[in-house]
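Down below is the structure, laid out as structure tokens.
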Amino acid sequence: SGKRSVELALNKSFGMRADTSAELAKLLMTADPARRTQILDAVKSRMGSSRFQRFSAIMQDYQRQSVTGTIGGVGASVSEH
């Protein structure tokens, strides 16, 4: 699921505890677009730009894998904040 992908990306990128990454993933998946932007900006400020870029790259990979698995190879992209 998308939430699980976000959790894995947070764990892989930042070594967050499972409960912390699960809560953050939940916020990102359920928040309205303006709130999601606020959350991502806060995450970026805590992690720093280079770690956030790594997180974004991991999320893009997960999204590509998910899209490829469901519609046969059509790519997608995730924008960075």
Side-chain angles (χ1 to χ4, degrees):
S1 76
K3 180 179 175 282
R4 183 69 182 138
S5 296
V6 173
E7 289 178 46
L8 291 171
L10 290 167
N11 286 331
K12 187 181 281 190
S13 299
F14 313 110
M16 287 185 174
R17 293 183 355 202
D19 59 334
T20 302
S21 62
E23 183 61 27
L24 186 53
K26 179 181 170 185
L27 288 171
L28 289 170
M29 298 306 288
T30 61
D32 66 69
R35 181 69 178 130
R36 202 169 28 248
T37 297
Q38 290 175 332
I39 293 165
L40 287 171
D41 287 344
V43 168
K44 184 177 181 179
S45 71
R46 290 180 186 199
M47 296 177 177
S49 185
S50 63
R51 290 176 76 190
F52 188 80
Q53 287 174 345
R54 176 71 179 134
F55 171 71
S56 295
I58 291 169
M59 290 309 303
Q60 288 174 357
D61 288 345
Y62 281 132
Q63 186 175 22
R64 274 192 294 276
Q65 290 170 9
S66 174
V67 170
T68 300
T70 58
I71 59 174
V74 176
S77 65
V78 175
S79 62
E80 279 186 38
H81 290 285

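Sequential numbering from 1 along the given sequence is applied to the chain's residues.
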message = Nearest 0.5 Å, please: how far is CD1 in Ile58 from CG in Asn11?
response = 10.0 Å

message = So, using salt bridge (charged side-chain N to carboxylate O under 4.0 Å, His left out) as the criterion, who are the partners of Arg46 when residues are at least two apart?
response = none

Within-4.5 Å side-chain heavy-atom neighbours: Ser49 and Gln53 = yes

Straight-line distance of Arg35 CZ to Leu27 CG, nearest 0.5 Å = 6.5 Å

request  = Any chance you could measure Met29, atom CE, to Arg4, atom CZ, to the nearest 0.5 Å?
outcome  = 13.0 Å

message = Let me confirm one number: the CD-NZ distance from Glu7 to Lys3, rounded to the nearest 0.5 Å.
response = 4.0 Å

message = Test of understanding: with side-chain hydrogen bond (donor to acceptor under 3.5 Å, both in side chains), list the residues that count as partners of Glu23, not counting sequence neighbours.
response = none

message = Determine whether a donor-acceptor pair (N or O, by modelled atom type, separation under 3.5 Å) exists between the side chain of Thr20 and the backbone of Met16.
response = no

inquiry  = Any non-hydrogen side-chain atom of Leu10 less than 4.5 Å from a side-chain atom of Met59?
reply    = no

ask   = Tell me, do Leu24 and Val6 make a side-chain contact under 4.5 Å, heavy atoms counted?
value = no

ask   = Under 4.0 Å between a Lys/Arg side-chain N and an Asp/Glu carboxylate O for Lys44 and Asp41?
value = no

inquiry  = Distance check, rounded to the nearest 0.5 Å: Leu40 atom CG versus Ser45 atom OG?
reply    = 11.0 Å

